Engineer: 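Take this structure, written in structure tokens, and hold onto it; I'll ask about it next.
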Amino acid sequence: MGVSISAGGLDKVFSILGKEYDIYAPKKFVGKGRFSDTDCIRYDKIHSVGEIVFDEKSSYSFKEILTPICQTLFYFNEEDMKVADGPKKGALVFLRSCDLHAVRRLDDMYLHNGPEDFYYKRIRDKIKFILMGCEKSFDSCFCVSMGSNRADNYDASIDLIDGSYLMDCKWKELEALLKEQTQTECQVKPSYVKENKILVSIPENLSNEVMKSSIWREYDSRCIACGRCNFVCPTCTCFSMQDIFYTDNGKSGERRRVMASCMVDGYTDVAGGGQYRMKNGDRMRFKVLHKSLNFKERKGYNMCVGCGRCDDICPEYISYSACLNKLETGMEEVTKND
């Protein structure tokens, strides 16, 4: 069903849904940006549709809802262990097509990559996704090249056009609420990006041989290993484990899963003082090939969804899309004598 609904009508729907669901969407935090007098757009709970930012890309992804930055897994003492409670409410998440494609990547990693991750699944089972239409591309996006510019596996879609909200609904509970607030039914197709300024081409013959290429050495000095690219990426899933002790004897406390980064110092430390990928260029190589080669070999599609947030956040102005385009040069270099 497709409807055109006013902001007031949608807010009434939100107030009803809010009893069972926390509603998350891109929200502007004035003056909270990375630089002085700049704003930040990131996901947070909302209560009104007017809080949703439609015309700018969020600096951070929806990922923190599904995989919290810091998540308590269980509590322990000398005699017992108790699994931490999950969220009491479900979640309603507004996100763009690239991020909805990222959900598939997260599902494959947490649910279809061996035993299901219990903590991920109990959150995932209670989430509904509202697709936010994209009329035009943002500057750093390359979703068309990654095939993530269009999605139809949503529970509902929403487009803001001339002050009205056009929604296509596949979710029965929401459909009933929308009908109560509007009599204006219409055909709705969510808008989507048809072209980006940035084009990315990953070579068909890409193989692990490209690890030997000299293209990675550029990042030894340019990359400062801050890990920001990983934290904003909707498909990065690295984490570490931390035990927090409540008492000096270390016999009671909690275990937490904490978001981490394969780019930062210490992530590849091993017993005996060894460390894999000591050079920053080697870390960049690992990240890029994991997303563009190794994941695709296992799952049949690219891990990256082309949202461009990594390009936006990097303090050294390293472009991930440019790095992907250098893979062809890298393959030419390592295969020229074959």
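Because the structure is predicted, anything quoted here is derived from the model rather than measured. Residue numbers start at 1 and run along the sequence shown.
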Engineer: What residues, two or more places apart in sequence or in another chain, satisfy side chain to side chain donor-acceptor pair (under 3.5 Å) together with Asp159?
Structural biologist: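 Partners of Asp159 by the side chain to side chain donor-acceptor pair (under 3.5 Å) criterion, ordered by chain and then number, come out as Ser191.
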Engineer: Do any N or O atoms from the side chain of Asp22 and from the backbone of Lys89 form a donor-acceptor pair under 3.5 angstrom?
Structural biologist: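 Judged by distance alone, no pair lies under 3.5 Å.
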Engineer: Whether the side chain of Lys126 engages the backbone of Leu92 through a donor-acceptor N/O pair (distance < 3.5 Å, no angle test) should be reported.
Structural biologist: no
Engineer: Indicate whether the side chain of Lys291 and that of Thr235 have a donor and an acceptor atom separated by less than 3.5 Å.
Structural biologist: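 There is such a pair between these side chains.
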Engineer: Return the minimal non-hydrogen interatomic distance between Lys279 and Asp220, and the atom names on each side.
Structural biologist: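 In terms of heavy atoms, the two residues are closest at CB-OD1, 3.4 Å.
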Engineer: Would Leu10 and Leu160 show up in the same hydrophobic cluster when neighbours are defined by side-chain heavy atoms closer than 4.5 Å?
Structural biologist: yes
Engineer: Is it true that Val305 and Ile202 fall in one hydrophobic cluster, defined by side-chain heavy atoms closer than 4.5 Å?
Structural biologist: no
Engineer: Hey, is the main chain of Leu199 close enough, under 3.5 Å, to the side chain of Asn325 for a donor-acceptor pair?
Structural biologist: yes
Engineer: Minimum heavy-atom separation for Ala84 and Thr72, please, with both atom names.
Structural biologist: CB-O, 3.3 Å
Engineer: Is any side-chain heavy atom of Asn153 closer than 4.5 Å to a side-chain heavy atom of Leu100?
Structural biologist: yes
Engineer: Does the side-chain contact (heavy atoms from CB on, under 4.5 Å) test come out yes or no for Asp311 and Tyr317, once each step is laid out?
Structural biologist: CA-CA 7 Å; Asp311 287 22; Tyr317 303 102; over 6 Å; no
Engineer: Quick one: does any side-chain atom of Arg257 pair with a main-chain N or O of Gln242 as donor and acceptor, under 3.5 Å?
Structural biologist: no
Engineer: Look at the side chain of Ser6 and the backbone N and O of Gly9, then say whether any donor-acceptor pair between them is shorter than 3.5 Å.
Structural biologist: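 Yes: the side chain of Ser6 pairs with the backbone of Gly9.
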Engineer: Using only atom types and a distance under 3.5 Å, with no angle test, would you say the side chain of Asn149 pairs donor to acceptor with the backbone of Val193?
Structural biologist: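 The answer is yes, because a donor-acceptor pair under 3.5 Å joins these two groups.
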Engineer: May I ask you to establish whether Arg150 and Tyr192 are in a cation-pi arrangement, using a distance under 6.0 Å from NZ or CZ to the six-membered ring centre and at most 45° from the ring axis?
Structural biologist: yes
Engineer: Using the six-membered ring of Phe76, assess whether NZ or CZ of Lys82 lies under 6.0 Å from its centre and within 45 degrees of the ring axis.
Structural biologist: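 No cation-pi geometry.
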Engineer: Show the numbers, then the answer: is there a salt bridge (Lys or Arg N to Asp or Glu O under 4.0 Å) between Arg42 and Glu64?
Structural biologist: CA-CA 10 Å; Arg42 67 182 306 162; Glu64 297 169 23; 2.8 Å; yes
Engineer: Measuring only between side-chain heavy atoms, which start at C-beta, is Ser252 closer than 4.5 Å to Phe245?
Structural biologist: no
Engineer: Is the shortest distance from a Lys or Arg side-chain nitrogen in Arg309 or Asp99 to a carboxylate oxygen in the other one below 4.0 Å?
Structural biologist: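 A salt bridge links Arg309 with Asp99.
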Engineer: Can you confirm whether the side chains of Asp80 and Tyr75 place a donor and an acceptor under 3.5 Å from each other?
Structural biologist: no
Engineer: Side chains of His112 and Asp108 only: does a donor on one sit below 3.5 Å from an acceptor on the other?
Structural biologist: yes
Engineer: Check whether Lys63 reaches the backbone of Cys236 with its side chain - one donor and one acceptor, N or O, closer than 3.5 Å.
Structural biologist: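 At least one qualifying donor-acceptor pair exists.
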Engineer: Looking at Asp37, I want to see if its CG is surrounded by more than 12 non-hydrogen atoms of other residues, nucleotides or ligands under 6.0 Å.
Structural biologist: no
Engineer: Apply side chain to side chain donor-acceptor pair (under 3.5 Å) to residues Tyr246 and Glu254 and explain how you reach the verdict.
Structural biologist: CA-CA 8 Å; Tyr246 300 152; Glu254 63 186 74; 2.4 Å; yes
Engineer: Counting only heavy atoms from other residues, nucleotides and ligands, does the tally under 6.0 Å from CD of Glu297 exceed 12?
Structural biologist: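 Counting neighbours around CD of Glu297, more than 12 heavy atoms of other residues, nucleotides or ligands fall under 6.0 Å, so yes.
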Engineer: Look at the aromatic rings of His290 and Phe286 and report parallel, tilted or perpendicular, splitting at 30° and 60°.
Structural biologist: parallel
Engineer: List the steps and the verdict of salt bridge (Lys or Arg N to Asp or Glu O under 4.0 Å) for Asp168 and Lys189.
Structural biologist: CA-CA 7 Å; Asp168 178 38; Lys189 290 185 178 181; over 6 Å; no
Engineer: With the threshold set at 4.0 Å, does a side-chain nitrogen-carboxylate oxygen contact exist between Glu209 and Lys212?
Structural biologist: yes
Engineer: Please check if the distance between the ring centroids of Phe231 and Tyr60 is under 6.0 Å.
Structural biologist: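 Centroid separation for Phe231 and Tyr60: 6.0 Å or greater.
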Engineer: Using 30° and 60° as the class boundaries, would you call the ring planes of Trp171 and Tyr21 parallel, tilted or perpendicular?
Structural biologist: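 Ring orientation, 0 to 90° scale: perpendicular.
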Engineer: Is there a donor-acceptor contact under 3.5 Å from the side chain of Asp117 to the main chain of Tyr119?
Structural biologist: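 Checked: pair present.
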Engineer: Quick one: closest heavy-atom pair of Phe94 and Phe14, and the distance?
Structural biologist: CZ-CZ, 3.5 Å
Engineer: From Asp55 CG over to Cys134 SG, what is the distance, rounded to the nearest 0.5 angstrom?
Structural biologist: 11.0 Å
Engineer: Among Lys128, Arg122, Lys121, which one satisfies salt bridge (charged side-chain N to carboxylate O under 4.0 Å, His left out) with Asp125?
Structural biologist: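 The residue from Lys128, Arg122, Lys121 that satisfies salt bridge (charged side-chain N to carboxylate O under 4.0 Å, His left out) with Asp125 turns out to be Lys121.
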Engineer: Kindly check if the number of other-residue, nucleotide or ligand heavy atoms within 6.0 Å of CD (Glu135) is above 12?
Structural biologist: no
Engineer: Salt-bridge test for Asp155 and Lys170: reply yes if a basic N is under 4.0 Å from a carboxylate O, no otherwise.
Structural biologist: no
Engineer: Would you say Gln71's side chain and Pro68's backbone share a donor-acceptor pair under 3.5 angstrom?
Structural biologist: no
Engineer: Could you tell me whether the side chain of Thr268 and the main chain of Tyr276 form a donor-acceptor pair under 3.5 Å?
Structural biologist: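 Yes, Thr268 side chain to Tyr276 backbone: donor-acceptor pair under 3.5 Å.
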Engineer: Report yes or no: do Ser214 and Glu333 form a side-chain donor-acceptor pair below 3.5 Å?
Structural biologist: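 Note: Ser214 and Glu333 side chains meet the donor-acceptor criterion.
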Engineer: Can you name the closest pair of heavy atoms from Asn196 and Val144 and give their distance?
Structural biologist: OD1-N, 2.9 Å
Engineer: Are Leu66 and Val232 in one and the same hydrophobic cluster, where Ile, Leu, Val, Met, Phe, Trp and Tyr link if side-chain heavy atoms are under 4.5 Å apart?
Structural biologist: no
Engineer: Tell me, with the steps shown, if Lys57 and Asp312 meet side-chain contact (heavy atoms from CB on, under 4.5 Å).
Structural biologist: CA-CA 10 Å; Lys57 180 170 63 175; Asp312 297 333; 2.9 Å; yes
Engineer: When you look at Ser261 and Asn230, which way does the side chain to side chain donor-acceptor pair (under 3.5 Å) test go after all the steps?
Structural biologist: CA-CA 6 Å; Ser261 164; Asn230 297 126; 2.4 Å; yes
